[in-house]
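Only a predicted model underlies this, so the values are computations on that prediction, with no experimental measurement involved. Reminder, nothing fancy here: chain letters follow the sequence lines and each chain counts from 1.
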There are 2 protein chains.
Amino acid sequence: MSELKDRPYHHGDLRRTLIDTALAMLAADQNWTFTLREVARRAGVSHAAPYKHFRDRDVLLCELARIGFARLAQVMTTATSSPEFSPRRKFLEGAQACIDFALRNPGLYRLMFSSDADKTADPALHAAAMSAFGLLLGVLEDGQKTGCFRPAPIGAQAAAGWAQVHGLALLALNGQLLEEKVGAEPVRGALDVLLDGLCLGN
Amino acid sequence: MSELKDRPYHHGDLRRTLIDTALAMLAADQNWTFTLREVARRAGVSHAAPYKHFRDRDVLLCELARIGFARLAQVMTTATSSPEFSPRRKFLEGAQACIDFALRNPGLYRLMFSSDADKTADPALHAAAMSAFGLLLGVLEDGQKTGCFRPAPIGAQAAAGWAQVHGLALLALNGQLLEEKVGAEPVRGALDVLLDGLCLGN
DNA sequence: ACTCTATGTTGACAGGCGAAACTTTAATTG
DNA sequence: CAATTAAAGTTTCGCCTGTCAACATAGAGT
């Protein structure tokens, strides 16, 4: 590779480099069969060096997932931040943003929702995941208050929205939304179907 | 274990035994990190024996996934077969059956929808997955014909239903449908929300 | 200046995948 | 019915991974 051999013995910020390298690998690989040794190799560092920064592989995975949720929350926030959007529009934009994120970061998205990243073990990861969920709840509450959404139990609506978006993302990721089975714009179409169930007056 | 040492050199039906053993492991493990050697060990056979029946690990995985889809299609079929069910009821029963299946067979369900079981590589697997999808399409077509469901593009409705059910199943599997976040009966509630979007007259 | 400690390195071990070479058994066939 | 052949299991091997332990180095703090 292009790694200079004259790198000083101490890397400087290996922790960050490892994270960045792993994120790059996740971005490049649809596969996401991500080995710690490979990360070390690409970072130009010995195979055991990562253990000075992460107790074991799962800790690194958790950290990556946490970063993923933070990024996801950010893109969803910006997608839904426009104040003149109707709740319906906000829901749509947020959902699309989430699914786009999944398609742009397939490996990372899979990791975030895989059971490998044990959310119960890492409070920071759990919090990051919850912040994305909080955005959804906010949109729903807002929509109910303004009379745009039906006054159904908000938990049910949240479960429906979350499941729908997550399900669409995974199906899209796996290439299972083929046009001959599901039409030309399945994501948009499916979200419209769900929104008909969320919204009043149609 | 209880394996008799006087097993004849030839196992008899190792292929079937391997599949059954692997299924049992999937049923027992939430984890589903399933090693071929462990299967061989539990089947009381040397670690290379499986290769006489499956070219590599992925082939066995594909076969397991295929069986999973066949079973899923069966439980969904029986759940929706009652002729006096309304389309709405049929959808609900089919969806619940699918989610119940996922909860009863977490490892198998995860495998079925993981990218490890590459559906494009195995036509039989693809066909099995499609047969489950066909059930959904049938219910939707029926519902539209009888005027129970809205006359929206059926691909969009199918994508919505599929994504919703799959998403709910995965979230439930990951234990992410906690009551304080999402209410007491999130699955039923979420399905009702979606059905409001599918059905006419409400 | 000298030590201490965080950070890297090398080497080792267990365990997994998969290939090759070998052995045993069952089936086919002259 | 005996002999050959092919199927099904076994052992051995190389290469990979995660993880640990022992050692090396350099930068920080007294």
For residues 92-103 of chain A, dump all side-chain donor-acceptor pairs below 3.5 Å to protein atoms at least two apart in sequence or in another chain.
unit_1	atom_1	unit_2	atom_2	d
A/E93	OE2	A/R89	NE	2.9
A/E93	OE2	A/R89	NH2	3.3

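- Residue A/L36 has its side chain nearest to D/dT19 when only D/dT10, D/dT19, C/dG18 are considered.
- Applying the side chain to side chain donor-acceptor pair (under 3.5 Å) test to A/H47 and every residue at least two apart in sequence or in another chain returns A/R37.
- Nucleotides of DNA chain C nearest to B/K52 and B/D58 differ in position, and the one nearer the 5' end is that of B/D58.
- Following rounding to the nearest Å, A/E38 (CD) and D/dT19 (C1') show an atom-to-atom distance of 18 Å.
- Residue pairs meeting the ring-ring contact (aromatic ring centres under 6.0 Å, His included) criterion with at least one member in residues 164-188 of chain A, sequence neighbours excluded: A/Y109-A/H166, A/F113-A/H166.
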Treating primed atoms plus P, OP1 and OP2 as sugar-phosphate and everything else as base, which nucleotides of nucleotides 10-15 of chain C get B, S or - for protein heavy atoms under 4.0 Å?
BBB---
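- Spacing between atom CG of B/D13 and atom P of D/dA7 amounts to 16 Å, rounded to whole angstrom units.
- Straight-line distance from the CG atom of B/L60 to the P atom of C/dC17: 11 Å, rounded to whole Å.
- For A/R57, there are no side chain to side chain donor-acceptor pair (under 3.5 Å) partners, not counting sequence neighbours.
- Look at CZ on A/R57: it is 8 Å from P on D/dT19, rounded to the nearest Å.
- B/W162 CH2 to A/L170 CG: the interatomic distance, rounded to the nearest 0.5 Å, is 11.5 Å.
- For the pair A/H53 NE2 and C/dA6 P, the computed distance is 12 Å after rounding to whole Å.
- B/D56 has its CG atom 17 Å from the C1' atom of C/dA20, to the nearest Å.
- The CZ-P distance, from B/R55 to C/dC17, rounds to 17 Å in whole Å.
- Residue pairs meeting the salt bridge (Lys or Arg N to Asp or Glu O under 4.0 Å) criterion with at least one member in residues 180-189 of chain B, sequence neighbours excluded: B/R188-B/D192.
- Of the candidates C/dC17, C/dG8, D/dG18, the closest approach to any side-chain atom of A/L14 belongs to C/dG8.
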